[in-house]
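The structure appears right after this line, and notes come after that.
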Amino acid sequence: MKARAILLLSLTALCFRPALAETLREAAPKRLLIGACVNTEELKNPKLAAIIAEQYNCLTPEYELMPEFMVDKGWRFTFERGDRVVAFAETNKMPLFGHMLVWHFVTRNWLFEDKDGKPLPRAEALDNLKRYIEGVVGHYKGRIVAWDVVNEAISDQANEFLRPTPAQRAIGDDYIEKAFEFAHAADTNALLYYNDYNIEQPGKLEKTLKLIQSLKAKNVPIDAVGIQGHYLLNWPPTNMIDKGIEALAATGLKVMITELDVDPLPRDTSGANMAVTEAGANPYPDGLPADMQEKLARRYGEIVTAIVRHPSVTMLGFWGTDDGHSWLNDFPVKKRTNHPLLFDRQLQPKPAVDAVIRALKTGK
Ligand code: 9MR
């Protein structure tokens, strides 16, 4: 039944073709996959599903594959939601990027902590990590082409290398390499990547380079690094993004921009530290004015121009398709109307779409 529903949805999708002369994926160089995060709620909207099927040639489930949604306390794996996204991607012949296997934020702490929140013994935590990764990667073997194995392990604190997470506290710093080894053993054909925010910026860039060098020195099976790309209108500077990509590409790994969005609203911090909350103005509740649309378009054009210059960048993913579904409507300021993506709440392309298409086609 579900497969027929997905097929019907995809076929219906073809009826709603956006009025764009060229799509994002058509404009991109062949070496660069163009994607977005997608969730099962969005796929219930045939017009949005149409745009997704038309504009991109790869996808990332926004949260359906996160540990919190994948397994319950009795080790019952719950694949139904993830399977719906996988079915849509397969129907539309779009490679899928699994997001993610290990994260400190939306996770199952019992994998690494006892009922009092204390770290489990290392051996038990390692067994749980292995069992979890085998269960998820094994289920999707051959159907998910890449895995965000460890997400946001680098600390935001200047004097701290790795973030103290439940996995890190129970297993130690080598939880990262173990996770990559378990993922590779579960699907030797999957591309494995480390994913994080603000790693194009001084501080986290150096720490990420240190992590990558350490993993490569131990022959850990890591293929790529994901720069999330949660940017502001004026931060980080485009040349910093450019230099960050260059430095990460120099490690020999593929580079991917995994979660690009540009926040046009006033806020203090870039990135995605979910521990941050800010009070802030909600200046555009009824839509982004024309001058702000132009600023957003220009910024997207500059960022994508910097990205497309680097042949080592193999995937550019947007963190959503339309403004109404962006996580930035609630971060870092709760409940405000944001406009960070390429399509508006009416699913119409914004000026930023043309700027991105031009940057993808011409590199300027
Ligand atoms: O966009 C995601 C939002 O819907 C979720 O509620 C949130 C927590 O699960 O995660 C958001 O996406 C994050 C991604 O998984 C990892 N990088 C940072 C993203 C924004 O927090």
Side-chain angles (χ1 to χ4, degrees), residues 35-45 48 52 56 58-71 78 81-82 84-85 96-109 111 136 144 146-156 163 165-167 176 179 193-201 204 208 224-232 236 255-263 265 267-278 280 315-343:
C37 73
V38 65
N39 62 55
T40 43
E41 276 318 297
E42 292 173 337
L43 294 181
K44 290 176 186 167
N45 175 335
L48 182 50
I52 291 165
Y56 312 125
C58 69
L59 289 178
T60 302
E62 183 171 17
Y63 43 71
E64 282 74 7
L65 300 179
M66 289 183 184
E68 182 180 291
F69 302 112
M70 279 278 105
V71 71
T78 52
R81 291 170 70 163
R84 283 209 287 277
V85 181
L96 206 64
F97 287 68
H99 173 73
M100 76 298 278
L101 294 174
V102 185
W103 192 25
H104 61 281
F105 191 71
V106 177
T107 185
R108 288 296 188 191
N109 283 350
L111 289 168
V136 174
I144 287 185
W147 280 102
D148 169 354
V149 177
V150 175
N151 193 58
E152 303 172 12
I154 298 287
S155 174
D156 293 309
R163 187 190 300 268
T165 66
I176 298 173
Y193 63 101
Y194 173 74
N195 191 48
D196 208 333
Y197 60 83
N198 290 355
I199 59 174
E200 69 287 311
Q201 301 175 37
K204 285 188 82 169
T208 305
V225 55
I227 301 173
Q228 290 185 6
H230 294 296
Y231 298 144
L232 310 185
V255 179
M256 305 188 297
I257 310 300
T258 51
E259 306 181 11
L260 183 60
D261 48 31
V262 176
D263 191 341
L265 299 192
R267 62 186 260 205
D268 302 330
T269 52
S270 72
N273 179 349
M274 300 300 279
V276 166
T277 54
E278 294 177 19
M315 189 271 264
L316 165 57
F318 296 92
W319 206 241
T321 296
D322 73 287
D323 292 334
H325 286 96
S326 172
W327 70 293
L328 289 171
N329 290 306
D330 262 327
F331 179 87
V333 179
K334 293 284 179 210
K335 306 258 177 284
R336 68 176 177 177
T337 306
N338 212 325
H339 311 273
L341 295 169
L342 300 186
F343 291 79

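For the single chain, residues carry numbers from 1 onward in sequence order. Each ligand, and each atom within it, is numbered from 1 in the order the structure gives.
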Nearest neighbour in protein (non-hydrogen) for [atom]:
atom: atom 2 (C) of ligand 1; answer: E62 OE2, 3.4 Å
atom: atom 17 (N) of ligand 1; answer: E259 OE1, 2.8 Å
atom: atom 15 (O) of ligand 1; answer: H99 NE2, 2.7 Å
atom: atom 9 (O) of ligand 1; answer: V106 CG2, 3.0 Å
atom: atom 12 (O) of ligand 1; answer: W319 NE1, 3.2 Å
atom: atom 21 (O) of ligand 1; answer: M274 SD, 3.0 Å

Query raised in the report: Hey, does the side chain of N45 reach the backbone of E42 with a donor-acceptor pair shorter than 3.5 angstrom?
Result: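 Judged by distance alone, no pair lies under 3.5 Å.
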Query raised in the report: For L341, does its backbone N or O pair with a side-chain atom of D323 as donor and acceptor, under 3.5 Å?
Result: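 Checking the backbone N and O of L341 against the side chain of D323, a donor-acceptor pair under 3.5 Å is found.
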Query - Modelled atom types, side-chain donor and acceptor of N338 and D263, under 3.5 Å - result: yes
**Report entry** Distance-only side-chain donor-acceptor flag, T258 / Y193, under 3.5 Å
**Finding:**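 No.
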[atom2] on [Y] to [atom1] on [X], rounded to 0.5 Å:
X: T107; Y: E68; atom1: OG1; atom2: CD; value: 8.5 Å
X: R108; Y: W103; atom1: CZ; atom2: CH2; value: 14.5 Å
X: Y194; Y: I154; atom1: OH; atom2: CD1; value: 4.5 Å

Distance under 4.0 Å to a non-hydrogen atom of [X]: what atoms of ligand 1 satisfy this?
X: H230; result: 18 (C), 19 (C)
X: M66; result: 9 (O), 10 (O), 15 (O)
X: A272; result: 18 (C)
X: N151; result: 16 (C)

Query raised in the report: Of the options W327, Y197, F318, which is the one that meets H230 in a ring-ring contact (aromatic ring centres under 6.0 Å, His included)?
Result: W327
Query raised in the report: Considering all protein heavy atoms, does one lie under 4.0 Å from atom 6 (O) of ligand 1?
Result: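 Within 4.0 Å: no protein heavy atom nearby.
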Query raised in the report: What do you reckon, does W103 put a non-hydrogen atom under 4.0 Å from ligand 1?
Result: yes
**Report entry** E152 touching ligand 1 at heavy-atom level, < 4.0 angstrom
**Finding:**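 Flag set, E152 near ligand 1.
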Requested in this report: Under the ring-ring contact (aromatic ring centres under 6.0 Å, His included) rule, collect the residues that match up with H339, sequence neighbours excluded.
Outcome: none
